[in-house]
Amino acid sequence: MLKRHLFVKRIAIRVLLVIATIVLVLFAYAKWPTHTRVLSQEQYAIDSANTKKLIEAGRDVAITANCIACHSASAKQPFAGGVAIASPIGTIYSTNITPDRQTGIGYYNLAEFDRALRYGILPSGRTLYPAMPYPSYANLTDEDVEALYVYMMNSVRPVNTKNRKHDIVWPLSTQWPLALWRKIFVSSPDIPPIGPDVGYYNDPVIARGAYLVQAAGHCGSCHTPRGFALQEKTVNDRKPFYLSGGQTIDGWTATSLRGNSVDGLGRWSEQDIIDTLKTARNSHAAVSGTPMANVVRYSTQWMSDQDLIAIAKYLKTLPAYPADAPDFYQNDLTTLALRSGQTNGRGPELYLDNCAACHRSDGTGATNAFPVIAGNPTVLNDNPASLIRLILTGSTLPATVTRPSRLAMPGFAWRLTDEEVAELATFVRQSWGNQAKPVNDKAVKKIRHHIKEAP
C-alpha cells in the first residue's frame, strides 16, 4: 500500500513539474516579444523635423482615440490617469500618460511608446491590461503612432502623480496569465496592421471610416461580443459578428452598430449617425449611458465632418448579424388604450405616471430632445440592461458645441421597486409594436446592486 502511495505521489509530482515547465516556457515566450514591426527611434529622429504638423495630426489621433476620457480623473490634470474602470476581474485604474519622466511616459522613446500602444508591452516587459484597447490600436499606421507620440511629448502638460494599484483578483493580478492572454489573443508585432485598405473596400471614404472605427476609434472594444477569456472575438469586419453588440459595460449594454433593423442601425440614415456622433442625439434617438456620452463629449464631436461622414458611410455597409428579425412596424393600439384610460395592469400606469410627460402616450418623444420609444434599439435590445439602468439612474445628454443643452432624464430607483421597474420595462418593450422579451425583477435587482457597488 505504501509503495503504491509513493508511486502515485511521484507521478503527481512529475505531472506538476511538466505543467510548471510548460507554464514557464509559455511565460518566457509571452514576455519576450519580437519587435520587427516596432518603429525605431532613428526613424523618429528623421521624421520629427516637421514637429508642428505632427502635433496637429497627433491631436486628431488622440481625439479619435478618446485618450482624455479614460486617462483623466480630474479636469485639472488631463491625461494623469486614475480613472476607475470596472471589469469582470476587478477594478482597473488608468495610468498617467503625461510626459512626466518620473510617473508618466516622459522617458519613453518612440519604440517603447509604439510597443505599449499597439502591443500592450511596457518598457519593463510587463503586459498592460486590455482596458487599454491595444488589440484595436494594433491596426494604427506607423504615421499615426509617430504623430501621437510627438503630440503627447510636446503638447501635454507633465503631471507628477503616481499610478494607482489595480484591484484585480489573484491569480489574474499576476503577470504570467496576462502575458499569455496577450500572446494568444493580440496581434504580434510581426504582423503588419490592416490599416485603411482601400482595395478591400473599393472606396477611399469607406476605407477611411473603417480605419477610424477599427483602429483609433476602437469601437469594437465595446460593441463587439467577447469570448470565454474576455477577448474581443474579432477586431475587424472580416468576421460578421464585428460590432454586433452584446457587451455590458458598467450596467450599460452596447448596441449593435450593424444593419439590424430592430436592434441595430438598419433604420438609421447616414445623417442620423453623423448627428448622433456630433450632438449625442438625432431626430428620433439619443445617447444613453455614461460610456457613450463620454465618447461624444470628448471625442466624436471634435472630429472633422469628413471623418464623421466616413464613419457613417462605413457603418452603413455592415449587413445585419445575426440574420435580421422582421422589421419594426409601429401600431397605435397602445396609444389608443392609454388615451382612453384602459390601463390594464401596473405597467401602463407606471408609464403614465413616470414617462408619458416627455415620451408621450404614443411613445414618439420629441424631435432632437426626447427619444422615440417605439422601435428604439436600446429598448428592443435582447439584453435589457441599458433600459433597466436608464430607469434606475436616468441619464444626461452631454453638452456639445452645436447642442449645448444638457437634457436629462431623472432616475426612478428611489421611488420604484424592482418589481415595478421590471413591469415598466416590460411594458415599453412590448408596446407600440415593440416585440421584446419581458424583464424580471431578478435582473433589476442585479443591476441595482451593481450600481451601489460600482467604484
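Positions are given from 1 along the sequence.
Counting only distance, with no hydrogens or angles, the side chain of S87 and the backbone of G90 share a donor-acceptor pair below 3.5 Å. For the pair Y321 (side chain) and G259 (backbone), a donor-acceptor distance under 3.5 Å is absent. In this structure, the side chain of S261 does not engage the main chain of R267 through any donor-acceptor pair within 3.5 Å. At distances below 3.5 Å, at least one donor-acceptor pair connects side-chain atoms of R429 with backbone N or O atoms of K437. When atom types are taken as modelled, the side chain of D418 and the backbone of V444 share no donor-acceptor pair closer than 3.5 angstrom. Between the side chain of N434 and the main chain of V428, a donor-acceptor pair closer than 3.5 Å is present. No side-chain donor-acceptor contact under 3.5 Å links T64 to the backbone of G217. Remark: the backbone N or O of I273 is not paired with any side-chain donor or acceptor of K316 at under 3.5 angstrom. S94 contributes a side-chain N or O that, together with a main-chain N or O of C70, makes up a donor-acceptor pair within less than 3.5 Å. Side chain of H359 to main chain of P371: a donor-acceptor pair is present (N/O by atom type, distance under 3.5 Å, no hydrogens or angles).
Using a 4.5 Å heavy-atom threshold, the side chains of T234 and N236 count as touching. Side chains of M303 and L277 form no contact here, defined as non-hydrogen atoms less than 4.5 Å apart. Residues F185 and P130 fail the side-chain proximity criterion, which asks for heavy atoms closer than 4.5 Å. Put simply, the side chain of Y149 does not reach to within 4.5 Å of the side chain of L117, judged on heavy atoms. At a threshold of 4.5 Å between non-hydrogen side-chain atoms, the residues K278 and T300 do not count as touching. Looking at Q231 and F228, their side chains come closer than 4.5 Å, going by heavy atoms from C-beta outward. L392 is not listed as a side-chain neighbour of F412, based on a closest heavy-atom distance of 4.5 Å or more. Residues R415 and N354 form a side-chain contact, since some pair of their non-hydrogen atoms from C-beta on lies under 4.5 Å apart.
Listed here is the closest heavy atom pair of V186 and P135: CG2-CG, 4.1 Å. Counting all heavy atoms, side chain and backbone alike, V439 lies closest to P384 at CG2-CB, 3.8 Å. Between N260 and P322, the closest heavy-atom pair is ND2-O, 3.5 Å. Contact between P398 and R297 at its shortest, heavy atoms only, is CB-NH2, 3.5 Å. Of all the heavy atoms in N154 and I55, the pair that sits closest is CB-CD1, 3.8 Å. Nearest approach of V295 to N66, heavy atoms of both residues: CA-ND2, 3.6 Å.
Using a 3.5 Å distance cut-off with no hydrogens or angles, the side chains of T98 and N96 do pair a donor with an acceptor. For the residue pair H284/N368, the side-chain donor-acceptor check at 3.5 Å is not satisfied. In summary, the side chains of T127 and R182 do present a donor paired with an acceptor at a separation below 3.5 Å, with no hydrogens or angles considered. Y314 and D237 are linked by a side-chain donor-acceptor pair at a separation below 3.5 angstrom, with hydrogens and angles left out of the test. Remark: the T248 side chain and the T253 side chain contain an N/O donor-acceptor pair separated by less than 3.5 Å. For the residue pair N381 and T378, no side-chain donor N or O sits within less than 3.5 Å of a side-chain acceptor on the partner. Checked by atom type, the side-chain pair D144/Y137 shows no donor-acceptor distance below 3.5 Å. Side chains of T255 and D263: no donor on one and acceptor on the other come within 3.5 Å.
With rounding to the nearest 0.5 angstrom, the CH2 atom of W268 is 9.5 Å from the CG atom of D275. The CD1 atom of I391 sits 11.0 Å away from the OG atom of S386 when rounded to the nearest 0.5 Å. Atom CG of L110 is separated from atom CD of E112 by 9.5 Å, given to the nearest 0.5 angstrom. I97 contributes atom CD1, which lies 13.0 Å from atom CG of D100 (distance to the nearest 0.5 angstrom). Between the CD1 atom in I63 and the OG atom in S299 there is a gap of 7.5 Å [rounded to 0.5 Å]. Once rounded to the nearest 0.5 Å, the distance linking OG1 of T95 with CZ of F79 reads 12.0 Å.
Cation-pi contact between R258 and F241: absent, since separation from the ring centre below 6.0 Å together with deviation from the ring axis within 45° is not met.
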Just do the side-chain contact (heavy atoms from CB on, under 4.5 Å) check on R406 and L397 with the steps written out, would you?
-> CA-CA 5 Å; R406 299 180 73 248; L397 286 177; over 6 Å; no
query = Can you list the steps and then say if L128 with I121 is a side-chain contact (heavy atoms from CB on, under 4.5 Å)?
reply = CA-CA 6 Å; L128 289 167; I121 307 165; over 6 Å; no
side-chain contact (heavy atoms from CB on, under 4.5 Å) for Y129 and I85? Distances and angles first, verdict last. CA-CA 11 Å; Y129 284 99; I85 303 169; over 6 Å; no
Report task. Check step by step if side-chain contact (heavy atoms from CB on, under 4.5 Å) holds for R448 and I388. Result -> CA-CA 9 Å; R448 193 191 292 264; I388 295 170; over 6 Å; no
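Around the NZ atom of K313, the shell of radius 6.0 Å holds no more than 12 heavy atoms that belong to other residues, nucleotides or ligands. Taking a 6.0 Å sphere around CZ of R59, one finds it holds more than 12 heavy atoms contributed by other residues, nucleotides or ligands.
When ring centroids are compared, F113 and Y108 stay outside the 6.0 Å threshold.
Between D307 and R208 there is a salt bridge, with a side-chain nitrogen of the basic residue lying less than 4.0 Å from a carboxylate oxygen of the acidic one. Here D142 pairs with R118 in a salt bridge; the nearest charged N to carboxylate O distance falls below 4.0 Å. A salt bridge links R226 with E232; the closest basic N to acidic carboxylate O contact falls under 4.0 Å.
Ring planes of H166 and Y93: parallel class, angle under 30° (limits at 30 and 60°).
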